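In what follows, residues are counted from 1 in the order of the sequence shown. Predicted model, so just to flag it, every value in this text is computed and none were measured.
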Amino acid sequence: MTTTLDRARPRVEAGGPADDAGRGSRKVFFLVMLSAASALFLYPFVWLVVASLKPRSRTFADPFVPWPHPFAPENYLAVWDAAPMLAWLVNTLIIGVVAAGAATLSSAFVAFGFAYFRFPGRNLLFGSVLATMMLPAAVTLVPTYLIWNSVGLTGTQVPLWAGNLFGSAFYVFLLRQFLLGVPRYVFEAARVDGASYLDLFWRIAVPLARPALIIAFVFELKASWFDLMKPLIYLQDPALYTLPRGLKAIVDQFYQGGDPKWEIVLAASVITTLPLVVIFFFGQRHFVQGIATTGRR
């Protein structure tokens, strides 16, 4: 029964001004939090760029000032004079693309086999593949070196990418989970039409798994691009150095000379980091799509 007090009390309908104000407040709150988190994560890179544009005497001065003062862009010219950065950049790009392509393709083959074929012991075998992720890289460091040394490939760039031809347990897991989301009748219909298993892989699995393949490629490209351990072990010729190995050589050279030129080291660090930032900027749509759809498509 409606009373006079009930009739006098204002009603707030769903979707009314109060709900809109609440949603607006939550949106502003999340935007503020995202902006703060973005600034927190971007600060180290901004500091690196700003410090690389300062003269040596001011490299570590005013760490919270977001612009270089005084401005010293000649640091980047000094980098090219101090080391063959272009050759190292080309080496890094070639090795990174080959390593990422090899890891992505080989892992996709294995993942397709685990996702499509049904055979006894499949889950046990897949679990064994995943168990290799628990093995620290340091455990296989010496045996791997002895293998490459026995075939005479130490001192070359081959060990930096050839191991990826055998796939990666993480990428196998990632791609298998994606392919399990593809309806099986799609593959069976192609088999009825006479498609081979290789056709199923190239014409169906690869196009449908493109977002996940992009994720695997970008992850492995990043891992290879910033890898220092392998170049440090296998490369002795400066002409074959990658950017991280070359950056280590620059630091060692300045320390041995007793004159740590940090402005040149920081400029070289920016040159090392910037290409991947650009690659992610242009490929972020595919990268984010792959992250969002992997495991549920």
Undergrad: Just verifying a value: how many Å separate L235 CG and T242 OG1, rounded to the nearest 0.5 Å?
TA: 6.5 Å

Undergrad: Give, for atom CG of L228 and atom CG of L243, the distance between the pair rounded to the nearest 0.5 Å.
TA: 11.5 Å

Undergrad: Return the set of residues passing side chain to side chain donor-acceptor pair (under 3.5 Å) with T104 (not counting sequence neighbours), or none when no residue passes.
TA: none

Undergrad: Apart from F29 itself, which Ile, Leu, Val, Met, Phe, Trp or Tyr residues share its cluster (side-chain heavy atoms under 4.5 Å, direct or through members)?
TA: F30, M33

Undergrad: Which distance, rounded to the nearest 0.5 Å, do you find between the CG of L160 and the CG of L240?
TA: 9.5 Å

Undergrad: With rounding to the nearest 0.5 angstrom, report the OH to CZ distance, Y234 to R245.
TA: 14.5 Å

Undergrad: For the pair Y116 (side chain) and F187 (backbone), establish whether a donor and an acceptor sit closer than 3.5 Å, ignoring hydrogens and angles.
TA: no

Undergrad: Kindly check if the number of other-residue, nucleotide or ligand heavy atoms within 6.0 Å of CE (M229) is above 12?
TA: no

Undergrad: May I have the step-by-step check of side chain to side chain contact (heavy atoms under 4.5 Å, CB included) for W161 and I94, ending in yes or no?
TA: CA-CA 10 Å; W161 59 265; I94 294 175; over 6 Å; no

Undergrad: Please tell me whether L232 and I95 are part of a single hydrophobic cluster in this structure, the criterion being side-chain heavy atoms less than 4.5 Å apart.
TA: no

Undergrad: Partners of K248 by side chain to side chain donor-acceptor pair (under 3.5 Å), sequence neighbours excluded?
TA: D252

Undergrad: For atom CZ of F173, is the number of surrounding heavy atoms from other residues, nucleotides or ligands below 6.0 Å larger than 12?
TA: no

Undergrad: Mind jotting down which residue pairs meet the salt bridge (charged side-chain N to carboxylate O under 4.0 Å, His left out) criterion with at least one end in residues 47-60? Sequence neighbours excluded, please.
TA: R56-D259, R56-E263, R58-D62

Undergrad: Sequence neighbours left out, what passes ring pair (Phe, Tyr, Trp, His ring centres under 6.0 Å) with F126? Give chain and number order.
TA: F114

Undergrad: What pairs with F45 under ring pair (Phe, Tyr, Trp, His ring centres under 6.0 Å), at least two apart in sequence or on another chain?
TA: none

Undergrad: Give the C-alpha distance, both sets of side-chain angles, the deciding distance and a yes or no for side chain to side chain contact (heavy atoms under 4.5 Å, CB included) between L53 and Y76.
TA: CA-CA 8 Å; L53 292 169; Y76 285 86; 3.4 Å; yes

Undergrad: Please check if W47 and L40 belong to a single hydrophobic cluster, counting links between Ile, Leu, Val, Met, Phe, Trp and Tyr side chain heavy atoms closer than 4.5 Å.
TA: no

Undergrad: Please name all residues satisfying ring pair (Phe, Tyr, Trp, His ring centres under 6.0 Å) with Y43, sequence neighbours left out, ordered by chain then number.
TA: F64

Undergrad: Between W148 and V158, does the side chain to side chain contact (heavy atoms under 4.5 Å, CB included) criterion hold? Intermediate values first, please.
TA: CA-CA 9 Å; W148 290 119; V158 175; 4.2 Å; yes

Undergrad: Go through the steps for W80 and I271 under the test side chain to side chain contact (heavy atoms under 4.5 Å, CB included), then give the verdict.
TA: CA-CA 10 Å; W80 302 99; I271 295 174; 4.0 Å; yes

Undergrad: For A268, give me all partners under side-chain contact (heavy atoms from CB on, under 4.5 Å), at least two apart in sequence or on another chain.
TA: V79, M85, L247, I250

Undergrad: What do you reckon, is CZ of F41 surrounded by more than 12 foreign heavy atoms closer than 6.0 Å?
TA: no

Undergrad: Y171 and M134: same hydrophobic cluster, using ILVMFWY side-chain contacts below 4.5 Å?
TA: yes

Undergrad: Please say whether more than 12 non-hydrogen atoms of neighbouring residues, nucleotides or ligands are located less than 6.0 Å from OH in Y185.
TA: no

Undergrad: Using a 4.5 Å cut-off on heavy atoms from C-beta on, say whether the side chain of T272 contacts that of F226.
TA: yes

Undergrad: Answer yes or no: does atom CZ of R203 have more than 12 heavy-atom neighbours from other residues, nucleotides or ligands under 6.0 Å?
TA: no

Undergrad: Given a cutoff of under 4.5 Å between side-chain heavy atoms of I, L, V, M, F, W and Y, with clusters grown through shared members, what are the other residues clustered with V139?
TA: L135

Undergrad: For the pair D237 (side chain) and A239 (backbone), establish whether a donor and an acceptor sit closer than 3.5 Å, ignoring hydrogens and angles.
TA: yes

Undergrad: Test of understanding: clusters of I, L, V, M, F, W, Y form through side-chain heavy atoms closer than 4.5 Å, transitively. Do L180 and L200 belong to the same one?
TA: no

Undergrad: I'd like to check the side chain to side chain donor-acceptor pair (under 3.5 Å) partners of D227; sequence neighbours left out, ordered by chain and number.
TA: none

Undergrad: Mind checking what makes side chain to side chain donor-acceptor pair (under 3.5 Å) contact with S106, not counting sequence neighbours?
TA: none

Undergrad: Starting at CD of Q236, measure out to OG1 of T156 and round the result to the nearest 0.5 Å.
TA: 9.5 Å

Undergrad: With a 3.5 Å distance limit and no angle check, can you tell me whether N164 reaches the backbone of G101 through a side-chain donor-acceptor pair?
TA: no

Undergrad: Considering only heavy atoms from C-beta outward, does the side chain of L276 approach that of I279 to under 4.5 Å?
TA: yes

Undergrad: Which heavy atom of S224 sits nearest a heavy atom of G96, and at what distance?
TA: OG-CA, 3.5 Å

Undergrad: Just one of F201, F166, Y197 clears the ring pair (Phe, Tyr, Trp, His ring centres under 6.0 Å) bar with F109, so which one?
TA: F201

Undergrad: Applying salt bridge (charged side-chain N to carboxylate O under 4.0 Å, His left out), which residue pairs with at least one partner in residues 171-188 are found, sequence neighbours left out?
TA: R184-E188

Undergrad: Membership question, hydrophobic clusters at under 4.5 Å side-chain separation (ILVMFWY): are I264 and F71 in the same one?
TA: yes

